[in-house]
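Here is the structure we will look at.
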Amino acid sequence: MDASAIIDSLNDKQRLAVSAPNRATLVLAGAGSGKTRVLVHRIAWHLLINRLAPHNILAVTFTNKAANEMRGRLENLLGISVRAMWIGTFHGLAHRLLRQHAKQAKLPDAFQVMDSDDQLRIIKRLLKNMNLDEEKWPPKQVQWFINGHKEEGHRARHLPEPGDPFQRQMRAIYLAYEEFCDRSGLVDFAELLLRAHETLRDNADLLQFYRQRFQQVLVDEFQDTNTVQYAWLRLLTEESNNLFIVGDDDQSIYGWRGAKVENLHHFQRHYPDHQVIRLEQNYRSTGHILSAANHLIANNENRLGKELWTEAKDGEPLAVYAAFNEQDEAYFAVEKIKQWISDGGLRSETAILYRSNAQSRQFEERLMTVGMPYRVYGGLRFFERQEIKNALAYLRLAANRGDDASFERIVNTPTRGLGVKTLDDLRNLARAQNCSLWQAAQLTAAQTQGSSRGLNALKAFLKLIEDLAALQANETLGDIVKYTIEHSGLLDYYRQEKQERGEARAENLSELINAAKSFDAADNPQNLGLLDLFLAHAALEAGEAQGQSEQDCVQLMTLHAAKGLEFKLVFIVGLEDGLFPAQSALLDPGRLQEERRLCYVGLTRAMQKLYLSYAESRRLYGKETFPRPSRFIREIPPHLLQEIRLRGQIDRPTAPAPTFAAGSPTRPSGSFRIGQTVRHAKFGEGVVLQCEGSGAQERVQVNFRDTGLKWLIVVLAKLEG
DNA sequence: GGTAAACACCTTTTT
DNA sequence: GGTGTTTACC
């Protein structure tokens, strides 16, 4: 394979990026401009043209999916395996680093990774220990505080002692949390990043080693990096300047969880010699869709600047549908999808995108009634299910008796007569002795006289865990997991649980056994315990929400989840001020801009046809609301939009949307129908929402497009309609 | 220890 | 309004 094979299939800008000289490079890659392609080909270029070995390259992504895709495409392009190459997520790579250098990282060899759920449990336990009221110190907020500081690179001891008593207490909790994690050998997600950074920073020889090893560092979705992630990258590349980043400031939608778009600006300052390459040719969408997206995003400030273009045709205008209410909106979308199918399209080519998960319900119900298969993204993933987490907790406790979090989780699951009383005694003893719950349990079992129910149960539990631990020394991973699930009593416990749910859980448990049997740690070649790696894998890669759904189905997801995907037919629904943009963003210019970028991401998912919809009336938290159409619709030039009606003044033929009957009944006797479009001399155009009274008392409530809700006396208002 | 009633919550989410 | 979680009671 030679250079031409890497270069030929690319456009000029992509070539420029792939063959760029070895110095800091920023590729501003617009949506659908082939950014993964550039990354993959750039790596191939290093291997074939610059003669680098695979282990000289570090490629970082945010999700496992992106990492897997990159590796797959690379191997496809090169026709060889690139196992020696470090391709992975920030967290995965940090984990790998820490495992290999646990000593320098000041971590126990068998340290365990915990997910945010584990973290929250620990915080709750800690608050109880410290006698703090959860009302006053909400665990979620504590978690947010701790993670926020870790992502900024701050340890509790680095924080100045605040005067504010609330902050001071927060800091104290953070300190206690760190202490607990250290003692239990537990590492949370943010800790992986922070610890990896500190380890390199504080071990000169290690840093030198990796700086020499990673001659090229490539980063995907750079706009999503947080402070520590960027600091870590900088540490590795500030000498060589060989940092190749791909990103799009217009698609930065994770500011709320610590991502810093500013890192793009920092990069330009920290690497003064850098080059910038813009990928602006879009291969995904029609001209009209792109034009709409460009106009929308032009309303944002401080952009690095970029305008997408395409050689594709303009295509159809974007359709805008003003639904009567949320059910009507769902009805509309599903009708259009039915049409798409009958025109020969696939369900899997269509996606309904919404701002918040709660919105999926209406669409699911509608899809269900018409019997159309669909798939909702999001929700609990495999390794996050409680039965799985319980099974893992047994494995972890047996592997590491100091893991109090796991101890708490399973000591009485399935129930074995270890109630609140016994546990409280254990916790008190553990605190008094400053030891783990496990040690406290051992002490109790050894010292307490008699044979109360609780004591026997405790002894049995200790024995069980010891047995499981003995097993771990000798058996294969698959057998360890199998035996653990069976002998812990979990399998029986879930089997006898009510019907379907129990069955599903038992099934998941056997799926876990399968996963263990086929777990292949080849990607992590050190001679570390396979079980430890498996457990870390479970935390770092939570798996899919649903199993392989091979079926051709309509795709439902949040706009966030849609990033990186594309569909021929896209619906962006709930385009209402207060919903999208979200209520809390309306008054904050910074957050409003992020909402706009989210909308931009949504628009650019569509390849052929895009529907935008909003409801004129929506039930929100049990209350009827009359939102106004989203400002984002107004930011798209009218000539790109086409208003669609299924109903309205013309006629509403066969299908009165089911909800009209369910809502307030229309009054055939009155002069106006609900949903009817009317015109007022002063207020302009609007839609009738409610009618009441008759004759001189007849009043109608109208939602005017420009001025919002008004009640009008019919005989006075001179409404046309 | 398991169930029902009361209660809080209500963007977005990957690792 | 709907859901998930804590509390109260048997």
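Throughout, protein chains are lettered first and strands after them, A, B, ... in sequence-line order, and every chain is numbered starting at 1. Every heavy atom of this structure was used, including side-chain atoms; hydrogens, water molecules and symmetry mates were not.
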How are the rings of A/Phe571 and A/Tyr611 set relative to one another: parallel (under 30°), tilted (30 to 60°) or perpendicular (over 60°)? parallel

Separation of A/Arg361 atom CZ from B/dC10 atom P, in whole Å? 17 Å

Can A/Tyr254 be called stacked on B/dT12 when the rule is centres closer than 5.5 Å and an angle between planes below 30°? no

Closest listed nucleotide, where the reference is the side chain of A/Thr558 and the choices are C/dT6, B/dT11, B/dT13: B/dT13

Starting the side chain at C-beta, find the nucleotide from B/dT11, B/dT15, B/dT12 nearest to A/Glu595. B/dT11

A/His149 vs A/Phe145 aromatic rings, parallel, tilted or perpendicular, using cut-offs 30° and 60°? perpendicular

Can you check the A/Arg257 CZ to B/dT13 P distance for me, whole Å? 9 Å

With P as the reference atom in both, quote the distance from C/dG4 to B/dT13 in angstrom, rounded to an integer. 16 Å

Between A/Asn357 and B/dT13, does any side-chain N or O lie under 4.0 Å from OP1 or OP2? yes

Where does B/dT12 land, syn or anti, given syn is within 90° of 0? anti

Contact class for A/Asp224 (heavy atom, under 4.0 Å): base, sugar-phosphate, or nothing? nothing

Answer with yes or no after comparing the ring centroid distance for A/His101 and A/Tyr210 against a 6.0 Å cut-off, counting only values under it. yes

Take atom NZ of A/Lys140 and atom C1' of B/dA8, then tell me their distance rounded to the nearest Å. 11 Å

Can you identify which nucleotide, out of B/dC10, B/dT15, C/dT6, has its nearest atom closest to the A/Lys124 side chain? C/dT6

Out of C/dG1, B/dT15, B/dT12, which has the shortest distance to the side chain of A/Thr63? B/dT15

Between C/dG2, B/dT14, B/dT11, spot the one nearest the side chain of A/Arg591, thanks. B/dT11

Please determine whether side-chain hydrogen bond (donor to acceptor under 3.5 Å, both in side chains) holds for the pair A/Gln143 and A/Gln119, giving the CA-CA distance in whole Å, both sets of side-chain angles, and the decisive distance to 0.1 Å. CA-CA 8 Å; A/Gln143 186 177 29; A/Gln119 186 186 33; 2.9 Å; yes

Taking the side chain of A/Ser356 as heavy atoms from C-beta outward, which of B/dG2, B/dT15, B/dT12 is closest to it? B/dT12

Among the nucleotides B/dT15, B/dT13, B/dT11, which one has an atom lying closest to any side-chain atom of A/Arg355? B/dT11

Report yes if a side-chain nitrogen or oxygen of A/Asn64 is closer than 4.0 Å to either non-bridging phosphate oxygen (OP1 or OP2) of B/dT14; otherwise report no. no

Taking only the C1' atom of each, what is the distance from B/dT12 to C/dT5 in whole angstrom? 22 Å

Could you tell me whether A/Asp188 contacts a base, only the sugar-phosphate backbone, or nothing, with contacts defined as non-hydrogen atoms closer than 4.0 Å? nothing

Using a cut-off of 4.0 Å on non-hydrogen atoms, how would the nucleic acid contact of A/Phe62 be classed: base, sugar-phosphate, or nothing? sugar-phosphate

A/Asp115 or A/Ala358: which one's nearest nucleotide on DNA chain B is closer to the 5' end? A/Ala358

Strictly below 4.0 Å: does A/Arg381 bring a side-chain N or O up to OP1 or OP2 of B/dT13? no

Run the salt-bridge test on A/Arg605 and A/Glu566 with the 4.0 Å N-O cut-off and return the result as yes or no. no

For the side chain of A/Ser116 and the base of B/dT15, is some donor closer than 3.5 Å to an acceptor across the two? yes

Measuring centre to centre across the rings, with the benzene-like ring taken for any Trp, is A/Phe407 within less than 6.0 Å of A/Phe461? yes

